[in-house]
Amino acid sequence: MAIEENEFINIRLEKLAGIREMGIAPYPPHTPERLPVEVLRTTGETEDVLSTSGRIMAKRKHGKTVFCDITDPTGRIQLFINKKNLDEESWELLGKMDLGDIIWVSGALFVTRTGELSVRVGTLLLLAKAARPMPVVKTDADGEVHDSVSDPDFIYRHRCIDLMLNETSKSRFIARSRIISAIRNYLDSDDFLEVETPVLQQIYGGAAADPFVSHYNSMDEDCYLRIATELYLKRLVAGGIHRVYEIGKDFRNEGVDRTHSPEFTQLELYEAWTDYNGMMTRFEDIVQAAAGAAGVGPVVQFAGHEIDLTPPFKRVPFVPALHEKSGKNLFDWDAARLSALAAELGLGDDIKDRPALLDKLFDHYVTPGLIQPSFVVDYPVELSPLAKQKDDDPRITERFEAFIAGLELANAFSEQNDPIYQREILEKQATGSEYRSGVADEEFLYALEVGMPPSGGLGIGVDRLVMVLTDAMSIRDTILFPYLRREQ
RNA sequence: GCGCUCCUGGCUCAAUUGGCAGAGCAACGGACUCUUAAUCCGUGGGUUCCGGGUUCAAGUCCCGGGGGGCGUACCA
């Protein structure tokens, strides 16, 4: 496919041809020595000839003088380009330069009459001609912004433009990377080992979502993209790697919304000799480290709330909280009664099983009130097939989910390590699934049979953590290249 | 998946009840040696997402399709 035809691109392609005719390479392979824009800025006025390079973001022509603003990742600086300071050829080249072009300049630094530090350009080189125009963002005297690119579809499809023009977006992605580094640093320095487990799986597990199905040609068998890393990581705990984690993509073949993406980044960590209480501390620590890396906290703005990230986070026991908020002892109700209540509340009349109903009602009564960081603890056993039951009440498991502003950020348990009990649960789950063809993950069960020490496990939605720490209202704003429908 | 809603030059947005498709920025030509939304003079640019329909007349109303946004459902 050839480059798109439009008036603006054609004009630039003509200029490009003109530049080639002048014998100038519009895409030279090397950049001459340069200093970051920021260094020029801090240097200030000097007769020394300094060099830098960047993208032309503004061009103001005044006959024989042209002012340009160029930017690099460290900042913006004005160029003062006067015909008498340039050779003939460079002046002609300047005429063929457009907003968006990437150039190299050198010259002394001086302050203009209006007080702007500028490069008095003596040498001008083209490093890369922009063939496509980019939207020009300008702020007028009234502070009104012209041409900011706000169409979400445009931003997601052309993230390069978004990063160039929207400072919030750029700093959010920088924060994201720093958050992930900080998590690694925290865990590595506490003797956790980072591992990589399979993305392509023959039997998927560790969560309840539908998988993406693929096919391995040379073995002629179907396989799945992982929906969680849980079952592999626990096999490693059984094998003696007692502090282990993985940060990676999970894939879930479910709907997309503000808080769900079909591929998303999850941290899962497992730690022997501890339980879900230990995981609460880990979560609190990780949030602290992440906030520090993002340059925010202890109080952050998110979704219109002031969120105080100072630990310890609130503990909200599932059954009592549901009782309190609903005014009814719902945990003792049977499925039929719960179903009737759900229908009455407009939560749908198609839900039949008790655990799903309890979860639904909890979401209705309790979750919206969980604005400050909270751990919902001690879930009904039916909702938590991989968690250990409490000593004093087998109907309840040692499990928590972490919420901030109603958003679920983490899920953790005291890990189930009873191989007999776990087998029952997984075999039941396997026969109830359209993809599992009745097969449970025997290798995982094998590991439990060999023996896994009592352990805590924690899964954190990294994209969602980034949302909270950078005040993003959509998970797509935290993912550089979110999945979008094919353009027609 | 369902509901509501939006789609107009490159970008951001106008267009009364259905009545000649416009503006700012960007672009092109010209003037201009300290500007910063530079300014001034001039010019071009539209299958109004696509396909049907109603009408003397459709950006606007109706039907179908595509894409987006929001909500909702699924996601232990």
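The structure displayed is predicted, hence computed values, not measured ones.
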Separation of atom [atom1] in [X] from atom [atom2] in [N], rounded to whole Å:
{"X": "A:I155", "N": "B:G10", "atom1": "CD1", "atom2": "C1'", "answer": "16 Å"}
{"X": "A:R60", "N": "B:U35", "atom1": "CZ", "atom2": "P", "answer": "10 Å"}
{"X": "A:I70", "N": "B:U35", "atom1": "CD1", "atom2": "P", "answer": "21 Å"}
{"X": "A:E14", "N": "B:A27", "atom1": "CD", "atom2": "C1'", "answer": "12 Å"}
{"X": "A:L386", "N": "B:A76", "atom1": "CG", "atom2": "P", "answer": "11 Å"}
{"X": "A:M164", "N": "B:G10", "atom1": "CE", "atom2": "C1'", "answer": "14 Å"}
{"X": "A:R258", "N": "B:C70", "atom1": "CZ", "atom2": "C1'", "answer": "10 Å"}
{"X": "A:F154", "N": "B:C49", "atom1": "CZ", "atom2": "P", "answer": "17 Å"}

What integer number of Å spans the [atom1] atoms of [N] and [M]?
{"N": "B:G19", "M": "B:G59", "atom1": "C1'", "result": "13 Å"}
{"N": "B:A27", "M": "B:G66", "atom1": "P", "result": "38 Å"}
{"N": "B:A15", "M": "B:U36", "atom1": "C1'", "result": "33 Å"}
{"N": "B:G52", "M": "B:G42", "atom1": "C1'", "result": "43 Å"}
{"N": "B:C62", "M": "B:G24", "atom1": "C1'", "result": "35 Å"}
{"N": "B:C7", "M": "B:U47", "atom1": "C1'", "result": "15 Å"}
{"N": "B:U54", "M": "B:U17", "atom1": "P", "result": "25 Å"}
{"N": "B:C61", "M": "B:U43", "atom1": "C1'", "result": "37 Å"}

Cation-aromatic face contact A:R395/A:F331, 6.0 Å, 45 degrees: no
Cationic tip of A:R399 above A:F413 ring, under 6.0 Å, 45° of axis: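 Geometry flag: not set, cation outside 6.0 Å or 45°.
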Distance, nearest 0.5 Å, that separates CZ of A:F67 from NZ of A:K61: 14.0 Å
May I ask you to say what [X] touches in the nucleic acid, namely base, sugar-phosphate or nothing, with a heavy-atom cut-off under 4.0 Å?
{"X": "A:R76", "value": "nothing"}
{"X": "A:F413", "value": "nothing"}
{"X": "A:K59", "value": "nothing"}
{"X": "A:K61", "value": "base"}
{"X": "A:A207", "value": "base"}
{"X": "A:S384", "value": "nothing"}
{"X": "A:D257", "value": "base"}
{"X": "A:P385", "value": "base"}
{"X": "A:G206", "value": "base"}
{"X": "A:F80", "value": "base"}

Positive for side-chain contact (heavy atoms from CB on, under 4.5 Å) with A:E89, one of A:L86, A:L93, A:D87: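 Single side-chain contact (heavy atoms from CB on, under 4.5 Å) partner of A:E89 among A:L86, A:L93, A:D87: A:D87.
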Within 6.0 angstrom of A:Y483 OH, more than 12 heavy atoms from elsewhere: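 Incorrect, the count does not exceed 12.
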Any side-chain N or O of [X] under 4.0 Å from OP1/OP2 of [N]?
{"X": "A:R476", "N": "B:G69", "answer": "yes"}
{"X": "A:R485", "N": "B:G66", "answer": "no"}
{"X": "A:K15", "N": "B:A27", "answer": "no"}

Ring centers of A:F212, A:Y224 separated by less than 6.0 Å: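 A:F212 vs A:Y224: aromatic centres not under 6.0 Å.
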Aromatic contact, A:F481 with A:Y156 (centres under 6.0 Å):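 Aromatic pair excluded; centres sit 6.0 Å or further apart.
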Quick one: look up who [N] pairs with, Watson-Crick or G-U, both distances under 3.5 Å, and put none if it's unpaired.
{"N": "B:U72", "answer": "B:G1"}
{"N": "B:G22", "answer": "B:C13"}
{"N": "B:U39", "answer": "B:A31"}
{"N": "B:C61", "answer": "B:G53"}
{"N": "B:G46", "answer": "none"}

5' priority, RNA chain B, between A:A209 and A:A58 [closest heavy atom]: A:A58
First encountered from the 5' end of RNA chain B, between A:L484 and A:E401: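 First, find each residue's nearest nucleotide; the 5'-ward one identifies A:L484.
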Which nucleotide in [options] has an atom nearest any side-chain atom of [X]:
{"X": "A:D153", "options": "B:C34, B:G67, B:A76", "value": "B:G67"}
{"X": "A:E254", "options": "B:A27, B:C74, B:C34", "value": "B:C74"}
{"X": "A:Q429", "options": "B:U33, B:A76, B:U35", "value": "B:A76"}
{"X": "A:R252", "options": "B:C34, B:C28, B:A76", "value": "B:A76"}
{"X": "A:F8", "options": "B:A76, B:A26, B:C34", "value": "B:A26"}

A:E167/A:R172 salt bridge by N-O under 4.0 Å criterion: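 A salt bridge is absent here (no side-chain N lies under 4.0 Å from a carboxylate O).
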Any N/O donor-acceptor pair, A:Q78 side-chain to B:U35 base, under 3.5 Å: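 Per atom types, the contact qualifies.
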Side-chain donor/acceptor of A:E7 to base of B:G10, under 3.5 Å: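 In this structure, the two groups form no donor-acceptor pair.
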Step-by-step side chain to side chain donor-acceptor pair (under 3.5 Å) determination, A:Y276 to A:D378: CA-CA 10 Å; A:Y276 76 146; A:D378 301 343; 2.6 Å; yes
